[in-house]
Asks: 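Next up is a structure, given as structure tokens.
What you see below is based on every heavy atom in this structure, not just the backbone, and it leaves out hydrogens, waters and symmetry mates.
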Amino acid sequence: MIENPYLPSPAKIIEIIEETPDIKTFKLELEREISFTPGQFLEIYCYGVGEMPISISSSPLEKKNVEISVKKVGKVSSLLHEAEVGDIVGVRGPYGNGFPLDIILGRDAVLIGGGIGLAPLRSLIKYLLETGFISRNKLYLLYGARSPRDVVFKNEIEKWLNIDEKNFRVYLTVDSTESEEWNHEIGFVNSLVDKLKPELKKLNNPVAIICGPPIMIKFVVKDLLKMKWNEARIFFSLERVMKCGIGKCGHCAIGDKYVCIDGPVFSYKEMASNLEFIEG
Ligand SMILES: Cc1cc2nc3c(=O)[nH]c(=O)nc-3n(C[C@H](O)[C@H](O)[C@H](O)COP(=O)(O)OP(=O)(O)OC[C@H]3O[C@@H](n4cnc5c(N)ncnc54)[C@H](O)[C@@H]3O)c2cc1C
Ligand code: FES
């Protein structure tokens, strides 16, 4: 029998973590194990309302229970935010290409994230830490959020900050603090790139992976290009409104690329001619 690619499989919500006022992490118990690469996404179906593409935020070494971290923005994400442990959602995937592990493994890596963009990077960081990457290579995480209360995965970031390993460096920044306590930087993420420029320039053929809002990607890419970073080793994950997730409907097209199957992760080199927002 031919399987219907649009048919979601049921998954049970087994844990919910409130990350920020508008972001929750949901641990899903899948019907069967999946293999995926960090950076790939699932289509999450909330019964009766619709579907949305969401990156997997947990380690690919955990194949049966996966985590997704979802910001409440509209119809489907708002309904998911009302869900409780024990509720069922539909899941299709994993889809997309994921981060280029063949390029990342064996060289120093700089991960740059903004807001909920840390979700797919968390999957990658977990994988790299679990497989001993930092015993061989340097790993930098530069992360920015709007304010201290908007920082996702706070407990995990605290653990990462305390890893006693000179090869894993974590830098945090927020746009503003109001009256909250904050012991890290203040400013946009690209100001971290600027500040760390002398250190980053010493890395061994490094790869940069950027996940966050388009405006952040634009400024970070510009800064990296100014540093003469190799264009083929600047990668970013792009978001587009999607429908099918499998290259059939054309909703996610950017130029001649479909974000759902050619991406969502692209190198600057392959996408430069399609990225008018980078040039502006
Ligand atoms: C590959 C991929 C991975 C993603 N990973 C995550 C993730 O890990 N966590 C997360 O919270 N979100 C992620 N997103 C974004 C998420 O898919 C959208 O926020 C979600 O589809 C919104 O659905 P909704 O029904 O709640 O909102 P809607 O009611 O559909 O829309 C609300 C508003 O958001 C806009 N919008 C909808 N979808 C997108 C989109 N893809 N990009 C930009 N604006 C959009 C709409 O135009 C509208 O203005 C990802 C998107 C893609 C393409
Ligand atoms: S979402 Fe249908 S082609 Fe990409």
Asks: Heavy-atom count check: over 12 atoms from other residues, nucleotides or ligands less than 6.0 Å from Tyr171 OH?
Replies: yes

Asks: Keeping Glu18 on the side-chain end and Lys24 on the backbone end, is there a donor-acceptor pair under 3.5 Å?
Replies: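 Between the backbone of Lys24 and the side chain of Glu18 there is no qualifying donor-acceptor contact (under 3.5 Å).
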
Asks: Looking at CG of Asp175 and CD1 of Ile186, how far apart are the two atoms once the value is rounded to the nearest 0.5 Å?
Replies: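 Reported value, rounded in 0.5 Å steps: 10.0 Å.
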
Asks: Quick check: are there more than 12 heavy atoms from other residues, nucleotides or ligands sitting under 6.0 Å from NZ of Lys64?
Replies: yes

Asks: To the closest 0.5 Å, what do you measure between OH (Tyr6) and CD (Glu51)?
Replies: 10.0 Å

Asks: List the atom of Pro38, the atom of Tyr127, and the distance in Å for their closest heavy-atom pair.
Replies: CG-CB, 4.3 Å

Asks: Are Val85 and Ile44 joined in one hydrophobic group, where the rule is that I, L, V, M, F, W and Y side chains link up if heavy atoms are under 4.5 Å apart?
Replies: yes

Asks: Is there a donor in the side chain of Glu130 and an acceptor in the side chain of Ser59, or the other way round, less than 3.5 Å apart?
Replies: yes

Asks: Output the distance between atom CG (Leu141) and atom CG (Leu161), rounded to the nearest 0.5 Å.
Replies: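 Those atoms lie 8.5 Å apart.
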
Asks: Atom SG in Cys252, atom CD1 in Ile261: separation rounded to 0.5 Å?
Replies: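 Those atoms lie 7.5 Å apart.
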
Asks: Assess the residue pair Asp194 and Phe219 against the criterion (side chain to side chain contact (heavy atoms under 4.5 Å, CB included)); give the C-alpha distance rounded to whole Å, side-chain angles, the decisive distance to 0.1 Å, and a yes or no.
Replies: CA-CA 11 Å; Asp194 219 36; Phe219 282 113; over 6 Å; no

Asks: Quick one, His184 and Thr173 - any side-chain contact, counting heavy atoms below 4.5 Å?
Replies: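 With C-beta onward as the side chain, the pair stays apart.
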
Asks: Are Thr25 and Glu67 close enough that a side-chain donor and a side-chain acceptor fall under 3.5 Å?
Replies: no

Asks: State, to 0.1 Å, how close Cys211 and Phe99 come at their nearest heavy-atom pair, and which atoms those are.
Replies: SG-CZ, 3.7 Å

Asks: Is Arg169 reaching over with its side chain to a backbone N or O of Lys138, donor-acceptor style, under 3.5 angstrom?
Replies: no

Asks: Taking the side chain as C-beta and beyond, is there a heavy-atom pair between His251 and Arg240 under 4.5 Å?
Replies: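 No; the side chains remain at least 4.5 Å from each other.
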
Asks: Indicate the atoms forming the closest heavy-atom contact of Met227 with Val193, along with that distance.
Replies: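 Taking Met227 first and Val193 second, the nearest heavy atoms are SD-CG1, 4.2 Å.
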
Asks: Check step by step if side chain to side chain contact (heavy atoms under 4.5 Å, CB included) holds for Leu30 and Val66.
Replies: CA-CA 7 Å; Leu30 303 178; Val66 300; 3.9 Å; yes

Asks: Check this for me, if you would: do Glu156 and Arg122 make a salt bridge, where the nitrogen-to-carboxylate-oxygen distance has to be below 4.0 angstrom?
Replies: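 Salt bridge present between Glu156 and Arg122.
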
Asks: Please answer whether the main-chain N or O of Lys71 pairs with a side-chain N or O of Asp22 as donor and acceptor at a distance below 3.5 Å.
Replies: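 Looks like no, no N/O pair under 3.5 Å.
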
Asks: So that I can tick it off, tell me whether Lys126 and Glu62 are bridged by a salt bridge, with the cut-off set at under 4.0 angstrom between side-chain N and carboxylate O.
Replies: no

Asks: Could you tell me whether the side chain of Tyr143 and the main chain of Ile157 form a donor-acceptor pair under 3.5 Å?
Replies: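 Checking the backbone N and O of Ile157 against the side chain of Tyr143, no donor-acceptor pair under 3.5 Å is found.
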
Asks: Between the side chain of Asp87 and the main-chain N/O of Ala83, is any donor-acceptor distance below 3.5 Å?
Replies: no

Asks: Which one of Leu42, Ile34, Ile54 satisfies the side chain to side chain contact (heavy atoms under 4.5 Å, CB included) criterion with Val91?
Replies: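 It is Leu42, the one option of Leu42, Ile34, Ile54 that forms the side chain to side chain contact (heavy atoms under 4.5 Å, CB included) with Val91.
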
Asks: Would a 4.5 Å heavy-atom cut-off, applied to side chains only, mark Ile209 and Pro100 as touching?
Replies: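 Yes; the side chains approach each other to less than 4.5 Å.
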
Asks: Is Phe235 close to Ile103 at the side-chain level, that is, under 4.5 Å between some pair of heavy atoms?
Replies: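 Contact flag for Ile103/Phe235 side chains = yes.
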
Asks: Say whether Leu121 and Ile17 are linked into one hydrophobic cluster, either directly or through other cluster members, by side-chain heavy-atom distances under 4.5 angstrom.
Replies: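 No, Leu121 and Ile17 fall in different hydrophobic clusters.
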
Asks: Any ion pair linking Lys195 and Glu185 (charged N to carboxylate O, less than 4.0 Å)?
Replies: yes

Asks: Please tell me if the side chains of Tyr95 and Cys260 come closer than 4.5 Å, counting only heavy atoms from C-beta onward.
Replies: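 No, their side chains stay 4.5 Å or more apart.
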
Asks: Quick one: closest heavy-atom pair of Ser57 and Ser69, and the distance?
Replies: OG-OG, 3.0 Å

Asks: Does one hydrophobic cluster hold both Leu111 and Val152, with members joined at side-chain heavy-atom distances below 4.5 Å?
Replies: yes

Asks: Side-chain contact, heavy-atom cut-off 4.5 Å: Leu79 with Glu82?
Replies: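 When only atoms from C-beta onward are counted, Glu82 and Leu79 do touch, with a gap below 4.5 Å.
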
Asks: Side-chain donor-acceptor pair under 3.5 Å between Asp150 and Ser147, yes or no?
Replies: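 Result is yes, a qualifying pair exists.
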
Asks: Does Lys154 reach the main-chain N or O of Glu19 with its side chain, forming a donor-acceptor pair under 3.5 Å?
Replies: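 Here the side-chain-to-backbone pair exists.
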
Asks: Has the side chain of Arg233 got a donor or acceptor atom that lies under 3.5 Å from a matching backbone atom of Asn205?
Replies: yes

Asks: Short question: side chain of Lys228, backbone of Leu225 - any donor-acceptor pair under 3.5 Å?
Replies: no

Asks: For the pair Ser9 and Arg32, evaluate side chain to side chain contact (heavy atoms under 4.5 Å, CB included) and give the outcome as yes or no after the intermediate values.
Replies: CA-CA 9 Å; Ser9 303; Arg32 51 179 171 264; 4.2 Å; yes

Asks: When you measure from the side chain of Ser78 to the backbone N and O of Lys72, does any donor-acceptor pair fall under 3.5 Å?
Replies: no

Asks: Assess whether a salt bridge exists between Glu31 and Lys12, defined as any Lys/Arg side-chain N lying under 4.0 Å from an Asp/Glu carboxylate O.
Replies: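 Salt bridge between Glu31 and Lys12, a charged N being under 4.0 Å from a carboxylate O: no.
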
Asks: Would you call the rings of Tyr268 and Phe236 parallel, tilted or perpendicular if under 30° counts as parallel and over 60° as perpendicular?
Replies: perpendicular

Asks: Let me check something: do Leu196 and Trp160 share a hydrophobic cluster, defined by ILVMFWY side-chain heavy atoms less than 4.5 Å apart, either directly or through other members?
Replies: no

Asks: Determine the sole option in Asn137, Leu139, Ile134 for which the side chain to side chain contact (heavy atoms under 4.5 Å, CB included) test with Leu128 is passed.
Replies: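 Answer to the side chain to side chain contact (heavy atoms under 4.5 Å, CB included) test with Leu128 among Asn137, Leu139, Ile134: Leu139.
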
Asks: Would you call Phe133 and Ile104 a side-chain contact if the rule is heavy atoms closer than 4.5 Å?
Replies: yes

Asks: Quick check against the 3.5 Å criterion: does Asn162 have a side-chain atom that pairs as donor or acceptor with the backbone of Glu158?
Replies: yes

Asks: Do Val265 and Phe41 share a hydrophobic cluster (ILVMFWY, side-chain heavy atoms under 4.5 Å, transitive)?
Replies: no

Asks: Tell me the closest heavy-atom pair linking Cys46 and Leu80, and the distance in Å.
Replies: SG-CB, 3.9 Å

Asks: Output the distance between atom CE (Met271) and atom CD1 (Ile217), rounded to the nearest 0.5 Å.
Replies: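 Answer rounded to 0.5 Å: 10.5 Å.
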
Asks: Are Phe26 and Glu15 close enough that some pair of their side-chain heavy atoms sits under 4.5 Å apart?
Replies: no

Asks: Measure the spacing between CD1 of Ile112 and CG of Leu224 and express it to the nearest 0.5 Å.
Replies: 5.0 Å

Asks: Closest approach of Ile246 and Pro5, non-hydrogen atoms and distance?
Replies: CD1-CB, 3.8 Å

Asks: Using only heavy-atom distances, determine whether the side chains of Glu199 and Tyr140 contain a donor-acceptor pair under 3.5 Å.
Replies: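 The answer is yes; a qualifying pair exists.
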
Asks: Quick one: do Val259 and Met242 satisfy side chain to side chain contact (heavy atoms under 4.5 Å, CB included)? Show the steps, please.
Replies: CA-CA 9 Å; Val259 173; Met242 288 186 182; 3.7 Å; yes

